[in-house]
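Following: one structure in structure tokens, then a few remarks.
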Amino acid sequence: MISLDSFSKNQQEAIITNDKHLRIIACAGSGKTTTVAGKVAYLLDCKNGFDIKPENIIAFTYTEKAAGELKNKILNNVGRYRGMADMYIGTIHGWCLKSLQENQYEYQSFSVLDDIKLKLFVDKNYDIIGMKEVTKLSNPSVSLRRFIDTSLFIKIMDIVRESEIEKNRNFPDNILKAKNKYQKVLLSKRYFDFSMIMEKALECLQDDTNLAKSIRANLKYLIVDEYQDVNPLQEKLINRLQEISGCKLVVVGDDDQNIYQWRGSNNKYIINFEDKFDRDKVKTIPLSLNYRSSEGVTILSETLISNNVKRILGKKMESSKSQNFKRDSDILYNRYTDVNLENEAIAQYINDILGVKFKDNDDVEPRGVAFSDVVILLRTWNKASSIVQALEKYNIPYITAGVNQLFEMDEIKAALAIFNYLYGDIDEEQLKEKWLDIPHAKIKLEKIDHAISQLSEKKPSIGEIKDNWEYSLQDIFWNFLSNAEVYEENFIDSSSKELEQRSKERAEIIFFNLGKFSQVINDFETINFNSTSPNFHLFSFLSFITYVAKDYYPEGWLNNPYKTPNAVQIMTIHQAKGLEFPCVVIPGLNHNYLPSKKRGGLSEWHFLDRSLINEQSRYEGDDDKEDERRLLYVALTRSQKYLLLTQAPDLNNRLYKKESLFVQELISAKINSSPIMITDLKHKFSISEKIDPKPKEKIKNISLDFTSLKDIFECSYRFKLISVFGFCYPLNQRMGVGRSFHNCLMEIHKEAKKGFLLSEDELSELINRQTHFPYLTKSIKLSKPLYDKVKNNVEEYYKDNLDEFKNIEFVEQEIQYKIDSNILVVGRIDLIKKIGDSGHYETTIVEFKSDEDDADAPLTKDQLKLYALGHRELTGEMANYIMTYVIGKNKPKAPVKLYDNDLEEIQQKIKDSVALIRDEKFILTDEREICSENCYQIRLCSNRIKYNIKPRR
DNA sequence: CGTTTTCCGTTTTTT
DNA sequence: ACGGAAAACG
């Protein structure tokens with residue numbers, strides 16, 4: 001457990017104050033996450049007498065990444081503490097979904113649409129989804145247009161559901177009608193969008209449901225991170241949870257870092273938090289000591305933000321001075337006569353700062369600044385391409401997710417050409433050319449010809465359509481890659497050592513992009529798998545690419561969680577929130593850029609009356625520039641020590657000629673009455689200050705589930721193809737059988753555990769509810785047999801296992817197992833049975849497999865052993881047996897006795913696998929036995945040639 | 001030099 | 001569709 005000594009006085013107070021609602025105002029770099037993690041550990045430590053168990057605490061964060069970091073810190077604090085898997089640490093949306101599905105079983109078969117899939121879904125269902133109901137305020141005969149205004153419609157639906165309506169007002173009938181239609185269509189196809197998950201969860205909490213009961217019984221502390229970013233709907237949910245349970249609220253945030261107001265978040269909730277409660281029941285603790293940045297950075301930022309009026313009174317960020325501040329070199333503001341000069345100067349500055357001594361903290365020796373220590377922060381992406389050009393000119397490595405669109409990459413142009421060819425837009429020669437155009441590709445001519453001839457058989461026929469056609473673009477894509485023998489190795493040039501290294505990296509990027517393209521197909525087919533004809537399917541895919549996907553998908557190497565190259569990062573200020581860098585460059589301090597110009601054009605407010613929404617102006621930006629000032633504040637406070645701000649008039653754009661009004665505010669910042677920011681000093685760092693550049697070793701937090709772990713166990717290259725490159729497997733109409741089985745059994749077991757036996761009618765109703773085949777086409781012959789298969793097998797299972805139901809201990813139990821300080825394995829156990837009385841009993845962990853899975857595989861045993869490990873972590877007890885139950889064959893396999901060394905063995909196996917991921921050793925297996933037609937990735941793997949394997953269709 | 005007219009250019013993103 | 005900057009006007 002933790003010691004309080006390592007915390008500051010205010011941090012300690014935040015940790016030990018637990019009898020009141022707490023507002024922690026945490027400035028940038030104040031050790032917020034560490035403090036919250038410390039607080040949780042303090043609450044759990046029985047020495048402190050709180051009688052708090054993991055399930056009594058819920059912690060909400062805004063991103064999965066933030067959740068991962070918090071979880072990791074908490075687990076490192078508490079060590080092996082029993083039952084930690086029962087503590088919810090994650091996003092609000094994640095919690096809502098989980099709670100809904102646990103409480104209302106029919107939601108088990110639902111899935112959540114992300115924004116691109118939602119867009120596809122709305123367009124597909126344009127006629128019935130309510131888009132036509134939304135009409136222009138100035139001219140009610142004009143309604144939202146299909147394809148063109150889809151994202152406006154989605155925005156309006158979000159505002160309608162997530163914002164707070166003005167008192168005594170109501171939405172007009174057409175908007176309400178649209179909302180009802182929209183939600184009805186989503187529900188009927190068993191989909192949620194993000195707002196709906198929260199709305200439904202809130203609804204569920206209004207009544208005295210099982211969920212409400214469980215909250216009342218369990219919840220004692222509700223922690224909300226980034227509280228400045230909650231929107232009205234989230235605030236309602238938080239309040240509801242608090243009212244039901246009477247729990248203590250712990251909100252953590254910084255009103256100065258609210259930069260998502262245009263998305264509906266409202267700063268007032270954190271500013272007015274204390275007013276919600278009686279004076280003596282609430283406390284505010286400021287964490288205003290910044291451990292990240294030098295005094296120069298800290299006072300500069302503070303001077304800027306103090307120009308904002310709408311903020312919590314009397315707060316002031318101060319520096320811990322863990323970084324020293326050197327005037328005249330650390331913080332520079334340079335003006336140039338032209339943007340091109342500005343960009344080149346930035347490139348020169350980066351080259352110059354390389355190797356300058358930097359200390360990560362007081363306890364370590366200084367190292368030289370490396371490329372990866374530098375970040376260039378942008379207000380808008382349109383600035384990026386000219387900066388990239390300058391960096392390329394000076395040979396500075398960089399990574400970014402916003403400059404190159406995915407569809408501008410050669411390999412993606414080639415991949416897309418496959419479908420242009422199928423549709424008849426281009427001929428064989430043009431398609432061939434596209435593939436041979438990819439730089440450094442060693443694709444064999446005859447293989448490309450072979451692939452194209454195979455492809456030509458897949459051209460959709462215009463004539464009659466077979467009743468049960470299946471036309472999978474994903475399958476076509478995979479087969480093409482396989483037939484043309486497009487393998488990662490074919491992009492590697494081994495003629496010299498240096499070339500080999502460079503081309504290896506390029507090959508990875510090419511495959512990463514092809515993997516992205518596979519995801520694009522998957523996004524499209526998830527929604528549109530059941531089209532009216534193959535030809536139309538192809539046509540709508542190509543339209544989707546041209547009109548939607550083209551400027552939607554970035555080339556995402558930056559987001560690759562398993563790679564941290566030594567390169568300058570370019571990102572938007574929004575993306576940089578929560579990060580820190582030794583050196584921050586903020587270019588383009590121009591009027592109309594930062595602060596940015598308000599946007600013109602058709603907006604949601606031409607369809608939705610502004611006066612309906614409480615504090616509507618926050619969506620559009622206030623006139624006083626406070627939003628934009630906060631943005632610059634966030635950008636500045638990312639820096640630990642070095643800051644370069646630059647400005648130049650853009651000769652080609654009349655909007656960006658004047659200097660930003662924030663510059664004067666920054667110039668006025670002073671320490672001991674001399675200015676902090678040095679203006680127009682073209683500083684050179686002296687050679688004597690420099691040592692060898694050495695990138696900081698970044699510790700990656702990795703969370704693995706059994707599915708990905710299974711891949712590494714078997715073949716680490718398969719893991720690379722799926723988890724690193726992101727290839728998606730082709731969909732097919734039969735999908736959903738396994739999940740339907742699973743959900744049926746889950747519900748049966750949960751009911752049985754409560755002691756309910758089901759009548760025949762109830763059972764068939766249950767099966768109806770849980771059976772779902774999302775990709776079945778409308779002209780279905782398959783529907784009945786698939787449904788019957790689920791029904792027969794579930795009914796048989798129910799009959800055969802009536803006697804066993806009384807032994808159920810856990811159903812769908814979440815487990816987690818910490819491998820080391822940054823690696824967590826998570827999973828969910830289908831069923832745990834306990835036989836015998838309290839004096840002497842035996843525990844069995846059960847995993848269900850449908851007959852399509854290979855239940856005999858040795859890997860299933862590994863999976864169960866892993867679960868046993870998680871079970872021991874959860875309960876402190878060692879399970880006695882593990883067993884699988886094959887549903888299709890409807891027979892249990894005999895339980896296998898579990899021994900201590902089984903758990904040690906699996907632990908070691910996981911450790912070895914994780915080491916492979918860390919060292920990025922995703923190698924092809926050399927063992928023939930592992931490669932077979934059953935490996936579903938064999939089509940993308942050169943072992944198919946080496947071992948001459950025919951992929952299974 | 002102040003006012004009116006014309007014409008140009010046009011975010012941020014997570015769940 | 002609209003704000004803002006430059007050009008044109010008086």
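All values derive from a computational prediction rather than experimental measurement. Quick note on labels: first sequence line is chain A, next is B, and so on, each numbered from 1.
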* Donor-acceptor side-chain pairing of Q228(A) and E226(A) below 3.5 angstrom -> yes
* Can a donor-acceptor pair be found between the side chains of S109(A) and N743(A) at a distance below 3.5 Å? -> no
* **Side chain of K597(A) - closest among dT12(B), dT15(B), dG3(C)** => dG3(C)
* T380(A), nearest nucleotide to its side chain (from dT11(B), dA5(C), dT13(B)) -> dT11(B)
* To do: Considering only atom P, compute the distance from dA5(C) to dT11(B) and round it to an integer number of Å.
  => 15 Å
Could you tell me how far apart [X] ([atom1]) and [N] ([atom2]) are, to the nearest whole angstrom?
X: M196(A); N: dT14(B); atom1: CE; atom2: C1'; value: 18 Å
X: L186(A); N: dT15(B); atom1: CG; atom2: P; value: 20 Å
X: Y619(A); N: dT13(B); atom1: OH; atom2: P; value: 18 Å
X: F194(A); N: dT13(B); atom1: CZ; atom2: P; value: 16 Å

Describe the nucleic acid contact of [X] in one word from base, sugar-phosphate, nothing, applying a heavy-atom distance below 4.0 Å.
X: D115(A); result: base
X: K155(A); result: nothing
X: D229(A); result: nothing
X: N653(A); result: sugar-phosphate
X: T91(A); result: sugar-phosphate

* To do: Determine whether the aromatic ring centres of H772(A) and F110(A) lie less than 6.0 Å apart.
  => no
Return the pairing partner of [N] with a 3.5 Å limit on both distances, Watson-Crick or G-U wobble; otherwise return none.
N: dC9(C); answer: dG2(B)
N: dC7(B); answer: dG4(C)
N: dT13(B); answer: none

* Please confirm whether the backbone N or O of S265(A) pairs with a side-chain atom of R618(A), one donor and one acceptor, at under 3.5 Å? => yes
[N] phosphate, OP1 or OP2, under 4.0 Å from [X] side-chain N/O:
X: N652(A); N: dG9(B); value: no
X: T572(A); N: dT11(B); value: no
X: H591(A); N: dG4(C); value: no
X: N382(A); N: dT11(B); value: yes
X: K136(A); N: dA1(C); value: yes

* Aromatic ring of Y260(A) stacked on base six-ring of dT12(B), 5.5 Å, 30° -> no
* Asked: How do R379(A) and Y552(A) order along DNA chain B: which one's closest nucleotide is nearer the 5' end?
  -> R379(A)
* **Residue closer to the 5' end of DNA chain C, N592(A) versus S603(A) (nearest nucleotide)** => S603(A)
* Structure fact -> Ranking L655(A) and H606(A) by the position along DNA chain C of their nearest nucleotide, the one closer to 5' is H606(A)
* Asked: When you check the gap from the basic side-chain N to the acidic O, do K155(A) and D158(A) get nearer than 4.0 Å?
  -> no
* Structure fact -> Between D193(A) and the options K117(A), Q183(A), R161(A), the side-chain hydrogen bond (donor to acceptor under 3.5 Å, both in side chains) test singles out R161(A)
